[in-house]
Amino acid sequence: MAAAAVLLWGLCRRLCHVLLFLSQFYVLSGGGSLNLEHSQPLAQSLRDPGPTRAFTAVPRAAESTDIPPYMMKCPSNGLCSRLPADCVECKTNFSCVYGKPVTFDCTVKPSVTCVDQDLKSQKSFVINMTCRFCWQLPETLYECSNSTSCMAVSCPRQRYAANCTVRDHVHCLGNRTFPKMLYCNWTGGYKWSTALALSITLGGFGADRFYLGQWREGLGKLFSFGGLGIWTLIDVLLIGVGYVGPADGSLYI
């Protein structure tokens with residue numbers, strides 16, 4: 001029994017030596033290099049986590065709070081029938097009779113608030129107006145651009161092309177901005193009374209012509225002593241009736 005145990009123990013030791021020798025031979029021959037190669041990237045990744053990514057927080061787009069341009073002309077909680085034309089949209093009919101009263105159905109534009117006669121909020125209402133196009137309105141109901149490049153004192157009177165815009169409270173048909181030919185009507189600040197006074201008192205020295213910007217005629221009157229008085233009398237008459245005016249072609253004030 002004891003001999004069998006010793007023999008079994010010897011066999012186990014030899015088997016262990018053989019297994020140890022085989023494992024060492026397998027590692028030295030390169031069989032275990034695969035595990036090392038696969039383990040190196042993992043270890044390197046643990047040591048070097050790599051470049052960090054920066055995340056930028058994108059702010060949310062602000063809600064649009066833009067106010068429509070026409071809101072600057074639209075009073076809040078006013079009577080709908082008195083709103084400016086830019087604040088309402090009307091269903092117009094161009095077949096109405098010119099110069100006759102007519103009614104149109106209108107609605108207020110978005111963001112516009114108005115009330116009726118009973119101070120109740122409303123969106124739709126009826127407006128009364130005269131059937132006519134905007135360019136047919138009287139001159140007091142629209143504003144036009146001025147021109148200082150034309151001759152206001154000329155024969156015949158000169159005209160200039162102006163751009164006219166209807167006043168806010170006026171309702172009419174068609175475009176509210178339109179071109180129109182107007183007579184030159186502007187002034188450079190010359191006074192008729194001053195020119196006449198200078199012509200009577202100092203006309204012999206050409207003071208009236210110098211005042212009106214006509215320096216050539218002024219020099220002629222100065223060196224001729226007012227044309228020996230004849231030129232002076234003629235200028236008094238011409239300035240008195242308004243025939244002689246400022247050299248820039250403007251009107252007297």
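- Looking only at distances, a side-chain donor or acceptor of S224 sits under 3.5 Å from a matching main-chain atom of G220.
- Atom NZ in K123 sits 9.5 Å away from atom OG1 in T107 (nearest 0.5 Å).
- Using a 4.5 Å cut-off on side-chain heavy atoms (C-beta onward), S111 and C74 make no contact.
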> What's the verdict on side-chain contact (heavy atoms from CB on, under 4.5 Å) for L83 and V108, showing C-alpha distance, side-chain angles and the deciding distance?
Replying inline: CA-CA 9 Å; L83 284 175; V108 296; 3.7 Å; yes
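- A salt bridge links K73 to D86: at least one charged side-chain nitrogen sits closer than 4.0 Å to a carboxylate oxygen.
- Residues L198 and L196 share a single hydrophobic cluster, defined by chaining ILVMFWY side chains whose heavy atoms lie under 4.5 Å apart.
- Within a 6.0 Å sphere centred on CZ of R82, other residues, nucleotides and ligands contribute 12 heavy atoms or fewer.
- Annotation: side chain of F133 is in contact with side chain of F94 (closest heavy-atom distance under 4.5 Å).
- Heavy atoms only, all atoms of each residue included: D235 and K221 are closest at OD2-NZ, 2.9 Å.
- Using a 4.5 Å heavy-atom threshold, the side chains of N175 and C134 count as separate.
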>> Could you go through D208 and I239, starting from their C-alpha distance and side-chain angles, then the distance that decides it, and tell me whether this counts as side-chain contact (heavy atoms from CB on, under 4.5 Å)?
In response: CA-CA 9 Å; D208 51 352; I239 294 176; 3.7 Å; yes
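- Under the 30°/60° scheme for interplanar angles, the aromatic rings of Y211 and Y190 are found to stand perpendicular.
- For K191, the NZ atom is loosely surrounded, since the number of other residues' heavy atoms within 6.0 Å does not exceed 12.
- The hydrophobic cluster containing F210 also contains F223, counting ILVMFWY residues as joined when their side-chain heavy atoms lie under 4.5 angstrom apart, directly or transitively.
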> Yes or no on side-chain contact (heavy atoms from CB on, under 4.5 Å) for I127 and C90, after CA distance, side-chain angles and deciding distance?
Replying inline: CA-CA 9 Å; I127 193 171; C90 299; 4.2 Å; yes
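- L222 and F225 end up in different hydrophobic clusters when Ile, Leu, Val, Met, Phe, Trp and Tyr side chains are linked at under 4.5 Å.
- Just one of T92, T130, N93 meets the side-chain contact (heavy atoms from CB on, under 4.5 Å) condition when paired with L173; it is T92.
- Under the 2.5 Å cut-off for SG-SG separation, C144 and C164 qualify: their sulfur atoms lie closer than that.
- Linking Ile, Leu, Val, Met, Phe, Trp and Tyr whenever their side-chain heavy atoms come within less than 4.5 Å leaves L233 and L212 in two separate clusters.
- When every heavy atom of C131 is checked against every heavy atom of V97, the shortest pair comes out as CB-O, 3.1 Å.
- Considering only heavy atoms from C-beta on, K180 stays 4.5 Å or farther from W135 through its side chain.
- The line from SG of C172 to CG of L141 is 9.0 Å long, rounded to the nearest 0.5 Å.
- Taking the side chain as every heavy atom from C-beta outward, V112 and M71 approach each other to under 4.5 Å.
- Taking each heavy atom of V244 and R209 in turn, the nearest pair found is CG1-NH1, 3.9 Å.
- Inter-residue side-chain proximity for T165 and E143 is flagged as unmet; no heavy-atom pair is nearer than 4.5 Å.
- Residues Y142 and F178 bring their aromatic ring centres within 6.0 Å.
- Residues F125 and D105 form no side-chain contact, since every pair of their non-hydrogen atoms from C-beta on lies 4.5 Å or further apart.
- Hydrophobic clustering, with ILVMFWY side chains joined whenever heavy atoms are under 4.5 angstrom apart, keeps L202 apart from W231.
- Residues E89 and K109 meet the side-chain proximity criterion, which asks for heavy atoms closer than 4.5 Å.
- Taking each heavy atom of M181 and R159 in turn, the nearest pair found is O-NH1, 3.4 Å.
- Within the cation-pi definition used here (under 6.0 Å to the ring centroid, within 45° of the axis), R132 does not qualify as a partner of Y98.
- Between the SG atom in C80 and the CD atom in Q117 there is a gap of 10.0 Å [rounded to 0.5 Å].
- With hydrogens and angles disregarded, no donor-acceptor distance shorter than 3.5 Å links the side chain of E217 to the backbone of G206.
- Across every non-hydrogen atom of T103 and N128, the tightest pair is CG2-OD1, 2.7 Å.
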> Given the rule in the side-chain contact (heavy atoms from CB on, under 4.5 Å) test, do L237 and V241 qualify, once you have shown the distances and angles that lead to the verdict?
Replying inline: CA-CA 6 Å; L237 295 175; V241 299; 5.8 Å; no
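- To the nearest 0.5 angstrom, D116 atom CG is 12.0 Å from S124 atom OG.
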